[in-house]
Peer 1: 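Dropping a structure here in structure tokens format, bear with me for questions.
Note on naming: letters A, B, ... go to the chains in the order of the sequence lines (proteins, then strands), and numbering restarts at 1 for each one.
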Amino acid sequence: MSTSKNTKENILRLPAEKLFENELNALIKAEADPVPKGWKMSPKSVKTYICGGKAGNTVITPKYIGHERLVEIAIATLVTDRALLLIGEPGTAKSWLSEHLAAAINGNSSQVIQGTAGTTEEQIRYSWNYAMLIANGPSEAAMLKSPVFTAMETGTIARVEEISRCASEVQDTLISVLSEKRISVPELNMEIPAQKGFSVIATANTRDKGVNDMSAALKRRFNIVVLPAPETLEEEMSIVSTRVTQLSENLDLNAALPKDAVIEKVCTVFRELRQGETVDKKQKLKTTSGVLSTAEAISLLCNSMALAGSFGNGEISDEDIAAGLQGAVVKDEQGDIVAWKEYLENIMKKRGSAWAGLYGACRELNS
Amino acid sequence: MSGVNFFGIRHLSPAGGFYLEKYLEEIKPECVLIEAPCDFEDMLPDMVRNETKPPFAVLAYTKNAPLHTVLYPFAEYSPEYRAILWAHKNNVAIRFTDLPSEVFLGLYEEEKDENKAGKSSEEERADGTANEHTPSVYEKLDILSGEGSHETFWERTLEQSESADAYHEGANLFGLKIRESSEETGEDRRELLLREIHMREVIRKTAAEGFTAEKIVVVTGAYHVEGLKDWEKDEKIPEMPKSEGFHTLMPYSYYRLSTRSGYGAGNKAPAYYELIWQGLKRGDFSFSAGAYLAKIAAYQRKNGNAASSAQVIEAVRLAGSLAKLRGGNIPVLRDLRDAAETCIGEGSFGIIAEAAADTEIGTKIGELPEGVSRTSIQEDFYRELKDLKLDKYRCVTAQDLSLDLRENRRVSSEKAAFLDLNRSFFLHRLRVLDIGFAEKGANTQEKATWSENWTLRWTPESEIRLVESALKGDTVEFAASFVMKERVEKASAMWEIAGVIEDAFLCGMTSALSYALTALRSMAVEAVSFEELAKTAFRLSTVIGYGDIRKITAAELEPMVRQLFYRGCLIAEDACICDDAAAKAIAEAVGMFNSVELANGFLNTEDWIEALKKISGRDDLNTTLSGLAAAILLERSKMSNEELKTEVSRRLSRGVPAELGAGWFEGLTMRNRYGLIARLSLWESLDGYIASLDDEEFKRALVFLRRAFADFSAAEKDGIAENLGEIWGLNGAEVSETVNAVLDTASSEQIAALDDFDFDI
């Protein structure tokens, strides 16, 4: 693999610490408060990085919108060397927040374990380079250290994504790591103590099927922060538009950014179908099987931009949105089509001329 | 400098109380001036008694209706209360500086007149300071402080002051700034100016009494400090409105404190603030944090939830680092609550909500010594209690009391003879006032109008409610009648008024009775639904049923019931056009109506029977109700066996959708089932009907007949079996065995197959 291809421009998705390098540097430069051991900046600056503000002359864009208090609790947790568990429905920016916390605190968000059903205990502790193990016997050089192991050694933060997807016994490996704050390597007769600054940020999903419940013992070792879905339509719209702008810069979509009216429509439809009532709370409606998270709304709009950029005139049209909505709302279940059609006829159709174009486009797809 | 010492406080601020004591200790004043209505000074001796346990409140209320109140609550840590205690201990003179309560009441009445759609009296006038600033000032502060709440800002900056000087200066500055920013908006200015004029006058008077200015300490809301500095200047005292009123001490509770919001009037977390107070007294600022979280954990454990010490420790640490994030050293309530939610509640507040309420608000209730400042209603209450020999029931353990309302002929005096009746009147009045002292239990003997069972239990909460009833009248009877009148005025349905009539009757209050009856008469003119008529008539009929046992004649009610009854008979038929959901309520109403008719001989039975016959005979009404009407007719022997037979075959005949047939049969079985079972002819016709069916029709009928008989008891099925046995010439016991047998698998399957039966063939 040649390194020249690894320039900033060629990477599909840069890690947070690269993407917002300027902001992080500005914050470190303008630091006025005491910095905890192992951290790159003070807790206050971490909060500024995540919730937005100013550092010297540099404007810090907000990364997580709404619920600043939850961000404070998350940061305060990490100050106390406790592990942090972010729980929430899909698409409530758990991983996003976890990545940015690690980026701000350590300048490194890449010590990640992606939890899957196939994650093994070794991936959380350490495993061996078997060729070397057989040739030379156990030695430190033959060890393959896990992100958690490295984080302990360096006094930084390890992230465990989707922890509830791992099998229970694998999850439980973390119990001793979190309470003892050390990993023992019996093969080498040694023990690695965690350096100051070590912590774990885990994320878990409350809604998806196929997750393993976390044991009470493990839960006790975490401070748990529940991330809610955006409270108001305005909040959700501002999250969506910020993210869409950031993404489109990265992806070179060749299309104009969606107008506020478009974002409002998408967010309204998502919120209403998610909550089972209209935004003005006057009408009840059927919900669909999909989660319809904020994250989905963001990707829907990016998709629409791609459609508009590649096949249209670069301006997001109602047809582009309709195609996206159809795909997001109607999953494989029969009930979804019924709910969606009802929504179109009973709610969207009656919303007047501003919605007429979208309604027509959606109807066409369902006729 | 004027020489007079000002100490700005925030009401119900523990740090204020604590540092004020220190300040007084340092200055050693000869006179302490405290911001409270000056006519409350007569309460001072009672306030400082050892038996007086805070929280308590001084309540002032207008003499005449409509009632207005002024309420001054004190907690153990209230700076005003600390100052009073200190002055008492050191034999120092005390003066109250605020306007007399009658001016507050007068001002309030004036405001009410100008602005009829104003706020409710209790909420707003609880304490002057709640009104002093327009909300916008505090909203501005909410944003400026960066805490999202001025309460939190205050707690973080001033409650945690480390010295008396810091608090003193901080509070004065806080008041000054609030004053500066609210002067622009200028709402409620008039009252404010009047109050400060009066306060300045009191300071002048005090100085004139011979106290040196340097030896006077003025304890006042931080806001006023700036306004009082110019006290020496002579000024004209303007004319002020007045409204005559009374005032009294009353026990208070933390719960009540927490329900009043606002700067001075209340305190969202009185029990938590007490923890701060305890911490200050111990000289340990971090005491409240540990105590709060440990209490939450203890509450969780007591209620069967897991909460370990390790979690408490983690929560304390998290709260600490949350506070540091805000630049503080000691966590405030918001930090503590968030930490508890995260560490003990596993991220969801719902888990610790109850524990948080218990720890923040608590259940503390104040106490006053026996006989202290009783309101007239309290005096009346205790006199009655003694008169009726109920004294011994005034204790915290629940005691049962059963009453026999009949005249006791074995005693000499009339008073003794009707003791229990008078007790019943009294207890019912308390029930109407919602004092919470007497709870009425169920009657053991049905229809025994002369007996009543009560459970009596006295709680401090009852005392509080009693004092609050002082607003409604001077005696228990007047207050009860006031409440009833209010209920009549607010009533939107006739049966609510009928409820008042019943209460008035139970309370033995003739005047309230006739008042409610007049209201009912005027309301009865309007069109009402059948259900409402039935409910109303039923309640009135109950009252009539008491006869003269309560020594009130209910004869006045008869024409009313007659009128309602006649109207009901006319509209009953139409009311039966409804769906099955509504039929339940109508069926209940029909039942009530029938019992009203049965209970009152003066009603015209013919009208009701006529209505029932129509309901029973028509095919286009709700079939359940038709069945019910038929059942009532049967019960009252107004339908012959022959008629019933015809009706059964007609209702169950071919072409009638099965569910309608079933509905009718259900209606028929709603009433006296034994009456039906005893009627052999019914079963004959049912038997004949079933025999006449061909296989396909039988399947249809089976479905709804099963439904109709589903809730018959085994004994009732026995009875049916006996009947059938007789008809078929079989042994009743054998038939019963078959009817009551559990289905075997084969039959169950056959019946299950009927679930898919297509009724539309």
Peer 1: Tell me, for B/E346 versus chain A, whether the close heavy atoms (under 4.5 Å) come from the side chain, the backbone, both or neither.
Peer 2: both

Peer 1: Counting only heavy atoms closer than 4.5 Å, note whether A/K219 contacts chain B via side chain, backbone, both or neither.
Peer 2: side chain

Peer 1: Quick one, A/R82 and B/L318 - any side-chain contact, counting heavy atoms below 4.5 Å?
Peer 2: no

Peer 1: For A/D213, is the CG atom crowded, meaning more than 12 foreign heavy atoms sit under 6.0 Å from it?
Peer 2: no

Peer 1: With side chain to side chain contact (heavy atoms under 4.5 Å, CB included) as the criterion, how do B/E341 and A/N223 come out once you've worked through the C-alpha distance, each side chain's angles and the decisive distance to 0.1 Å?
Peer 2: CA-CA 9 Å; B/E341 176 185 330; A/N223 279 2; over 6 Å; no

Peer 1: If you draw a 6.0 Å radius around CD in A/E191, do more than 12 non-hydrogen atoms from other residues or ligands fall strictly inside?
Peer 2: yes

Peer 1: Kindly determine whether A/V79 and B/K324 satisfy side chain to side chain contact (heavy atoms under 4.5 Å, CB included), including the steps that lead there.
Peer 2: CA-CA 10 Å; A/V79 178; B/K324 283 213 183 79; over 6 Å; no

Peer 1: Please determine whether the number of non-hydrogen atoms from other residues, nucleotides or ligands lying under 6.0 Å from atom NZ of B/K584 exceeds 12.
Peer 2: no

Peer 1: Heavy-atom cut-off 4.5 Å, strictly under: side chain, backbone, both or neither for A/I73 against chain B?
Peer 2: both

Peer 1: For residues B/S321 and A/A76, report the shortest heavy-atom separation together with the two atoms involved.
Peer 2: OG-O, 2.8 Å

Peer 1: Go through it in stages, so that I can follow the logic: the residues are B/R326 and A/E72, the test is side chain to side chain contact (heavy atoms under 4.5 Å, CB included), and I'd like the CA-CA distance, side-chain angles, deciding distance and then a yes or no.
Peer 2: CA-CA 9 Å; B/R326 291 288 189 182; A/E72 277 181 26; 2.7 Å; yes

Peer 1: If we check side-chain contact (heavy atoms from CB on, under 4.5 Å) with B/T342, which of these qualifies: A/L70, A/L84, A/V225, A/L85?
Peer 2: A/V225

Peer 1: Calculate, to the nearest 0.5 Å, the distance between atoms CG and CZ belonging to B/L325 and A/R69 respectively.
Peer 2: 8.5 Å

Peer 1: Determine whether more than 12 heavy atoms belonging to other residues, nucleotides or ligands lie under 6.0 Å from atom CG of A/N57.
Peer 2: no

